[in-house]
There are 4 protein chains.
Amino acid sequence: MAAAPPPPGRDHPPVQPVGTTATGTSPAKRAQILAGAARIFAEHGYEGASMSCIARDAGVSKGTLYNYFDSKAVLFCAFIEQCTREKLPLMFRRIDEGATLAESLEHVATALIQLIISPISLMLNRVIVSEAGNFPELAQTFWTHGPQQATSILAAWLARAPQSDLLDVPDPLFAAEQFYALCQTHIAGRARMQLPVDTSDEYIAFVARSAVRVFLNTYQRDGQRLPPLPYRATP
Amino acid sequence: MAAAPPPPGRDHPPVQPVGTTATGTSPAKRAQILAGAARIFAEHGYEGASMSCIARDAGVSKGTLYNYFDSKAVLFCAFIEQCTREKLPLMFRRIDEGATLAESLEHVATALIQLIISPISLMLNRVIVSEAGNFPELAQTFWTHGPQQATSILAAWLARAPQSDLLDVPDPLFAAEQFYALCQTHIAGRARMQLPVDTSDEYIAFVARSAVRVFLNTYQRDGQRLPPLPYRATP
Amino acid sequence: MAAAPPPPGRDHPPVQPVGTTATGTSPAKRAQILAGAARIFAEHGYEGASMSCIARDAGVSKGTLYNYFDSKAVLFCAFIEQCTREKLPLMFRRIDEGATLAESLEHVATALIQLIISPISLMLNRVIVSEAGNFPELAQTFWTHGPQQATSILAAWLARAPQSDLLDVPDPLFAAEQFYALCQTHIAGRARMQLPVDTSDEYIAFVARSAVRVFLNTYQRDGQRLPPLPYRATP
Amino acid sequence: MAAAPPPPGRDHPPVQPVGTTATGTSPAKRAQILAGAARIFAEHGYEGASMSCIARDAGVSKGTLYNYFDSKAVLFCAFIEQCTREKLPLMFRRIDEGATLAESLEHVATALIQLIISPISLMLNRVIVSEAGNFPELAQTFWTHGPQQATSILAAWLARAPQSDLLDVPDPLFAAEQFYALCQTHIAGRARMQLPVDTSDEYIAFVARSAVRVFLNTYQRDGQRLPPLPYRATP
DNA sequence: AATGAATGAGGTTTCATTCAT
DNA sequence: TATGAATGAAACCTCATTCAT
């Protein structure tokens with residue numbers, strides 16, 4: 001004869017839209033607070049972070065905190081937005097050209113892998129994945145500024161001469177996503193779960209070359225099959 | 001006049017291995033509690049779930065909860081372990097054979113994609129990623145029973161006749177990981193972040209076929225390049 | 001089928017020295033809380049007191065309680081320290097001189113007895129004795145500020161002229177402790193256990209005189225044996 | 001603007017009179033339970049002991065515990081009663097006669113000191129003092145079987161020939177209490193608070209002789225003043 | 001605008017006691 | 001009679017949020 005069935009789990013206050021009553025106006029203070037929030041959210045996640053902790057780390061009072069951000073949820077959103085909008089794009093902006101098509105793609109692959117396993121990316125991935133149900137718009141923002149931007153830039157590059165002359169890519173966006181997927185071989189999944197994994201430059205280079213080889217074996221126009229790559233054991 | 005700099009954020013108590021003093025012994029009740037825990041942990045994550053809530057959902061008192069599991073951390077571990085050990089392997093056990101190599105691989109790819117985006121996998125991925133720092137052994141367990149088992153089975157299959165006669169795969173494990181990575185094209189990342197994504201059987205089949213095509217273009221022995229695949233727009 | 005033999009009974013967390021992160025700073029509020037704590041601890045002891053109860057009695061919220069004192073143990077220590085450091089010394093500071101040596105000692109004895117059976121002393125004795133195992137430093141503090149101070153002052157007085165001329169006390173500290181022990185005749189032990197006992201001024205005076213008589217019969221220089229004292233029945 | 005004033009502190013259930021519904025009848029089991037209760041109560045006090053712990057330590061189930069004792073309070077009372085009635089008297093039953101009056105009294109004093117600082121006495125003193133407010137009858141029982149019995153026996157001995165011929169003790173009971181008080185010099189108070197104190201046989205003998213000397217200097221009939229006693233510093 | 005003391009609901013966990021087996 | 005799983009009240013403590021200064 002169970003009692004009431006109702007509210008399972010903790011509820012977030014309905015995610016207030018940003019900036020209804022927050023009155024703080026100093027950009028410097030705002031940045032200072034966000035810096036503190038970044039450290040604490042990154043280390044402890046959303047639920048594990050406390051506003052007192054953030055205020056202390058940021059060097060402001062809790063009152064000031066609430067002058068700039070209406071609630072913990074709003075502060076969390078602002079933190080994620082700032083990271084995705086400001087930090088991610090800086091890490092992946094243009095494609096370093098190489099002497100050959102394969103070299104250029106290897107540069108891209110290496111940069112992608114390093115981006116994916118960078119601390120900031122892993123942290124964003126972690127907190128966003130864990131709070132995706134409560135803050136769906138953050139996942140969208142992250143995806144737009146992260147993976148989507150990366151694959152879009154790559155797709156555009158694939159479709160642009162002179163690369164397009166050497167390639168046969170009917171659907172550049174999908175091909176770019178396959179390339180992006182191949183770049184996640186072995187390393188990305190383990191890194192996201194903080195499992196031990198070889199992230200040496202040599203192994204990253206091997207994964208990158210392997211991804212390029214597999215990619216070009218399908219999408220290179222009239223090309224020969226590329227030879228397999230040697231590497232000492234995947235640890 | 002900032003105060004002392006005490007450690008920011010909360011800490012988990014050293015993750016107790018598993019129950020030491022719990023006295024509950026009824027398997028049915030234990031399963032009942034784990035079922036409730038599953039619902040709440042899955043929806044709210046570790047920090048977001050409350051023991052009161054789990055007890056209510058499971059239909060037992062909090063005292064009973066603690067008779068079966070010494071702490072929230074222990075309950076969480078038991079829940080993850082049960083899911084990874086019991087649920088995951090059931091979903092990916094053998095490779096359905098098809099008429100051709102490509103058909104067999106397409107079966108594998110389809111099964112993998114469906115496994116990856118199954119609610120149970122997504123949920124496990126979410127909670128494990130978000131708590132990987134606090135419960136590292138759970139990440140290891142999940143990886144061992146999930147992705148690692150999948151790639152191991154696939155690698156073994158690739159190295160076994162008659163497939164091995166048709167293929168040229170010097171490093172089957174790495175190749176299997178590339179195949180696994182290719183299967184995550186477009187869908188997996190978005191699903192993990194609960195972003196809207198086409199998970200229709202048709203699109204999954206397309207991604208699977210595309211993965212197989214790219215894979216075989218590299219690893220098929222003496223094969224011709226496979227033709228590109230048509231699909232209506234990646235949404 | 002007994003389970004593991006985990007440690008029986010509860011343990012106190014390692015007795016934290018004193019507040020580390022408490023942020024409350026208002027001395028008035030702190031005193032207000034300590035007053036409430038005093039009432040509850042005095043009546044119910046350490047284990048029997050609850051923080052909710054202390055907060056209610058002090059007229060503050062539980063949050064405020066924890067702003068001023070990091071934990072129950074810290075609050076308890078602060079309460080004991082305050083009582084021993086502030087209350088006890090005030091009650092026994094100097095020796096009222098009388099016309100004769102015996103009169104002076106009777107003043108001392110009377111004051112000692114009244115101190116020992118004062119509510120504050122009895123309460124401190126009670127809670128410290130019961131928690132001596134968990135808070136050893138509190139017992140030390142109490143002893144230093146209570147009995148030890150009393151006997152030290154008395155010993156110094158005994159060794160100082162003109163008393164020293166009238167006495168023959170080779171070991172003043174031990175003699176003072178004997179005097180202190182004699183002052184506890186009949187009354188002190190019963191009072192500590194809250195047993196009914198005659199604490200009238202007359203009976204206290206009788207016990208004091210009896211103690212002085214026995215003391216001087218040993219330590220008075222060249223004195224005659226003092227005659228016995230009449231008193232109507234020890235109840 | 002304080003809220004409601006009401007129930008301060010935790011309340012004990014009205015101390016149920018023993019044996020209303022308890023149905024256990026095996027004396028062996030009862031003794032077994034009391035033995036477990038003794039260990040736990042002695043170590044953790046009344047509030048700090050848990051019935052589960054006692055049941056485990058005694059090797060019985062909690063159900064059996066409640067078959068023999070209606071409540072924790074009843075069990076505690078039974079434990080104290082048993083200790084005071086059975087253990088204490090065994091430790092102080094008769095007075096060992098010596099060649100002289102002083103020798104006999106020194107035997108008594110030594111035995112008293114050792115009784116007072118015996119673990120069982122200290123433990124009983126501790127738990128009874130701390131719970132005297134909640135269980136007043138236990139304090140009475142302890143006092144009757146402990147200090148009161150000791151002083152009564154001593155008073156009777158003092159009043160009995162041949163001692164009475166050598167002494168001049170108008171009020172033997174009060175004199176016995178003074179003797180009892182003198183025996184507590186230096187050691188007893190510190191031991192009750194678990195403070196470090198010299199309890200060597202030599203120091204106990206010194207305290208005993210000192211007590212006897214002071215006692216006889218007052219109560220010995222026509223005797224000379226006894227000389228002071230040397231001892232190396234009271235540590 | 002900035003502070004931080006105050007709040008009180010809610011977190012995890014313990015425990016005396018009951019009762020079906 | 002003996003068991004120990006189940007209960008739910010209450011323990012200590014935290015934290016997002018408010019508001020007087």
Side-chain angles (χ1 to χ4, degrees), chain A residues 3 10 12-13 23-26 29 47-56 60-73 75, chain B residues 1 3 10 13 21-26 29-30 47-55 60-73 75, chain C residues 1-3 10 13 21-26 29 47-55 60-73 75, chain D residues 3 10 12-13 23-26 29 47-56 60-73 75:
Chain A
R10 304 179 192 168
H12 293 280
T23 55
T25 52
S26 156
K29 264 256 147 78
E47 299 277 2
S50 87
M51 292 297 264
S52 294
C53 204
I54 290 170
R56 191 168 48 237
V60 300
S61 72
K62 278 194 283 185
T64 301
L65 207 58
Y66 278 88
N67 274 350
Y68 281 84
F69 301 93
D70 282 339
S71 70
K72 187 183 178 181
L75 175 59
Chain B
M1 195 74 59
R10 306 171 196 169
T21 63
T23 56
T25 54
S26 157
K29 187 79 59 174
R30 190 185 155 93
E47 298 276 7
S50 89
M51 293 297 264
S52 298
C53 180
I54 290 170
V60 300
S61 69
K62 274 192 286 185
T64 299
L65 207 57
Y66 280 89
N67 274 349
Y68 281 83
F69 300 95
D70 282 339
S71 70
K72 187 182 180 184
L75 175 58
Chain C
M1 197 75 59
R10 306 173 196 168
T21 63
T23 58
T25 53
S26 155
K29 187 79 57 173
E47 298 276 6
S50 89
M51 292 297 265
S52 296
C53 182
I54 290 171
V60 300
S61 69
K62 270 191 291 182
T64 299
L65 206 57
Y66 281 90
N67 274 349
Y68 281 83
F69 300 94
D70 282 339
S71 71
K72 186 182 179 182
L75 174 59
Chain D
R10 305 179 193 168
H12 293 281
T23 56
T25 53
S26 156
K29 265 258 146 77
E47 299 278 3
S50 87
M51 293 296 265
S52 295
C53 204
I54 291 170
R56 190 169 49 237
V60 301
S61 71
K62 278 193 282 185
T64 301
L65 206 58
Y66 278 88
N67 275 349
Y68 282 83
F69 300 94
D70 282 339
S71 70
K72 187 183 179 183
L75 175 58

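Throughout, a chain's letter reflects where its sequence line sits, starting with A, and its residues are numbered from 1.
Side chain of B/M51, nearest nucleotide from E/dT13, F/dT18, E/dA16: E/dT13. Each of E/dA6, E/dA16, F/dT3 was ranked by its minimum atom distance to the side chain of D/T64; first place goes to F/dT3.
Nucleotides of DNA chain F nearest to C/G63 and D/G63 differ in position, and the one nearer the 5' end is that of D/G63. Closest-nucleotide positions on DNA chain E for C/L65 and B/K62 were compared, and the one nearer the 5' end corresponds to C/L65.
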Check: Can you give the dot-bracket line for DNA chain E, using ( ) for pairs inside the strand, [ ] for pairs that cross earlier ones, | for pairs with another strand and . for unpaired bases, where Watson-Crick and G-U count if both distances are under 3.5 Å?
Finding: .||||||||||||||||||||
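Among the protein residues, A/K29 comes within range of the sugar-phosphate backbone only, with heavy atoms under 4.0 Å from sugar or phosphate atoms but none that close to a base. Across all strands shown, B/S52 has heavy atoms under 4.0 Å from base atoms, whether or not it also approaches the sugar-phosphate.
In this structure C/K29 satisfies the side-chain hydrogen bond (donor to acceptor under 3.5 Å, both in side chains) test with no other residue, sequence neighbours excluded. In this view, D/S61 and D/T64 satisfy the side chain to side chain contact (heavy atoms under 4.5 Å, CB included) rule, not counting sequence neighbours.
Side-chain to base pairing of B/N67 with F/dA5: no donor and acceptor N or O lie closer than 3.5 Å to each other.
B/R30 has its CZ atom 13 Å from the P atom of F/dA5, to the nearest Å. D/D70 places its CG atom 13 Å from the C1' atom of E/dT18, with the value rounded to the nearest Å.
For F/dA6, the OP1/OP2 oxygens have a side-chain nitrogen or oxygen of B/Y68 closer than 4.0 Å. The side chain of D/S61 contributes an N or O atom lying less than 4.0 Å from OP1 or OP2 of F/dT3.
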